[in-house]
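Some notes on the structure that comes next.
Keep in mind it's a predicted model, so treat the numbers as computed, not measured. For the numbers below, each heavy atom of this structure counts, side chains included, while hydrogens, waters and symmetry mates do not. Numbering of ligands and ligand atoms starts at 1, following listing order.
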Amino acid sequence: MQEQIPPGQKYVKKFIYYAALGVPDVDVNTYKLKIFGEVEKKLEFSYEELLKMIDVEYTKDFHCVTGWSVAGVKWEGVKIKTLAEMAKVKDSAKWVIFYSLDGYTSVVPVEDALSEDSIVALKMNGKPLDIKSGFPARPFIPHLYGWKSAKWLTAIQFTTEYQDGFWEERGYHERGNVWEEERFKGKGFSHSGLKRRPIL
Ligand SMILES: Nc1nc2c(c(=O)[nH]1)N[C@H]1C(S)=C(S)[C@@H](COP(=O)(O)O)O[C@H]1N2
Ligand SMILES: [Mo]
C-alpha cells in the first residue's frame, strides 16, 4: 500500500477487467515478445526466456483513469530498461508503443518506459498473469494510468514520432501521469519534447 492515493482515485477491492477488443487466444508455445524500431538489435523473447529474466519484484498500486485503484498488488517482471539495453535503444527514440495480440495499442514517453520501476509484468500476486489479466505479459508503469498497461503484450516499439494508441485516439492523454492527473489530452503537455507548456 502506498502512502497516498493519486488525486481523483478511490480504492476498490479487485481489478475490473477490460478487454475493449476482446480476450485473444494465446498460444504460449509460439508466443514471442518483439522489441523493434529505434534499436540497433531487434530482439524476440519467448515466455520461458522472459520468466528467466525477471529482475523486479515490488508491491505497487494500480490506477485506472476511470477512477478506481487497486492497492498493494505484488508485481514481478522484467525491467523495460533491461530489454532496452539488450536491444541498444538509440538516442533518437522518444516514444514507446506497446502492441497487444488483440490489436490494442498504447503509447508512453521513452523516459517513462525506461524509469527504474517500469516493467514487463509476468506475474501478479505470486502467480503468472491469468488470461483475463493479460497473460503472458503486460507493461506496468506504476505512475501512469492503467490504460497504458497493454494486456497480451506482443511487441514494444521505440519510435521518434508520437503516434496515438487505442485510447489516445479517443482523447486520452499522451503520457497519463496519475499524480499530475493527465487523464485527457491538453493537460500541460506538448508533443515536441517533454517540456511543459505554460498553462494560460
Ligand atoms: N489489450 C488490452 N489491454 C488493456 C485494456 C484493453 O481493453 N485491452 N484496457 C486497459 C485499461 S483501461 C485498464 S484500466 C487495464 C485494466 O486491467 P485489468 O483488465 O487487468 O483490470 O488494462 C488496460 N489494458
Ligand atoms: Mo482503465
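Interatomic distance, CD1 of Ile119 versus NZ of Lys81, reported as 15.0 Å (0.5 Å rounding).
Of the N or O atoms in Lys132, none lie within a sub-3.5 Å distance of an N or O in ligand 1. Taking distance alone, with nitrogen or oxygen atoms compared against 3.5 Å, Ala150 stays at or beyond that limit from ligand 1.
At the shortest separation from atom 12 (S) of ligand 1 among protein heavy atoms lies Trp147 CB, 3.5 Å. The nearest heavy-atom contact from the protein to atom 1 (N) of ligand 1 is Asp102 OD2, 3.0 Å. Residue, atom and distance of the protein heavy atom nearest to atom 10 (C) of ligand 1 are Tyr104 OH, 3.5 Å. Arg138 NH2, 2.9 Å is the protein heavy atom nearest to atom 17 (O) of ligand 1. From the protein, the heavy atom lying nearest to atom 9 (N) of ligand 1 is Tyr18 CB, 3.7 Å. Nearest protein heavy-atom neighbour of atom 7 (O) of ligand 1: Ala20 N, 2.7 Å. Of the protein's non-hydrogen atoms, Lys151 NZ, 2.4 Å is the one closest to atom 19 (O) of ligand 1.
Side-chain atoms of Asn177 never come within 3.5 Å of backbone atoms of Leu144 as a donor-acceptor pair (strictly under, hydrogens ignored). The backbone N or O of Cys64 lies less than 3.5 Å from a partner atom in the side chain of Gln9, making a donor-acceptor pair. The backbone N or O of Ala137 sits nowhere less than 3.5 Å from a side-chain atom of Tyr47 that would complete a donor-acceptor pair. A donor-acceptor pair is defined here as one N or O able to donate and one able to accept, closer than 3.5 Å; such a pair exists between the side chain of Thr105 and the backbone of Phe166. A donor-acceptor pair under 3.5 Å is absent between the side-chain atoms of Lys10 and the main chain of Gly67, judged by distance alone. The main-chain N or O of Arg138 is never found under 3.5 Å from a side-chain atom of Ser149 such that the two would form a donor-acceptor pair.
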Which donor-acceptor pairs under 3.5 Å do the side chains of residues 82-89 make with protein atoms, sequence neighbours left out?
from  : atom 1 : to    : atom 2 : distance (Å)
Thr82 : OG1    : Asp55 : OD2    : 2.6

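At a 4.0 Å heavy-atom cut-off, ligand 1 does not touch Phe166 at all. At a heavy-atom cutoff of 4.0 Å, ligand 1 is contacted by the side chain of Phe62 but not by its backbone. Here Trp68 has side-chain heavy atoms under 4.0 Å from ligand 1, and that is the only part of it that gets that close. At a 4.0 Å heavy-atom cut-off, ligand 1 touches Ser149 through the backbone alone. Under 4.0 Å from ligand 1, the heavy atoms of Ile16 that appear belong solely to its backbone.
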Stepwise side chain to side chain contact (heavy atoms under 4.5 Å, CB included) check, Lys187 with Glu180:
CA-CA 9 Å; Lys187 188 145 191 214; Glu180 308 278 337; 5.8 Å; no

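The aromatic rings of Phe15 and Phe62 sit tilted, their planes meeting at an angle between 30° and 60°.
In summary, the atoms of ligand 1 found under 4.0 Å from a heavy atom of Ser100, numbered by their order in the structure, are 1 (N). Close contacts of ligand 1 with Cys64, meaning ligand atoms under 4.0 Å from a residue heavy atom, involve 14 (S).
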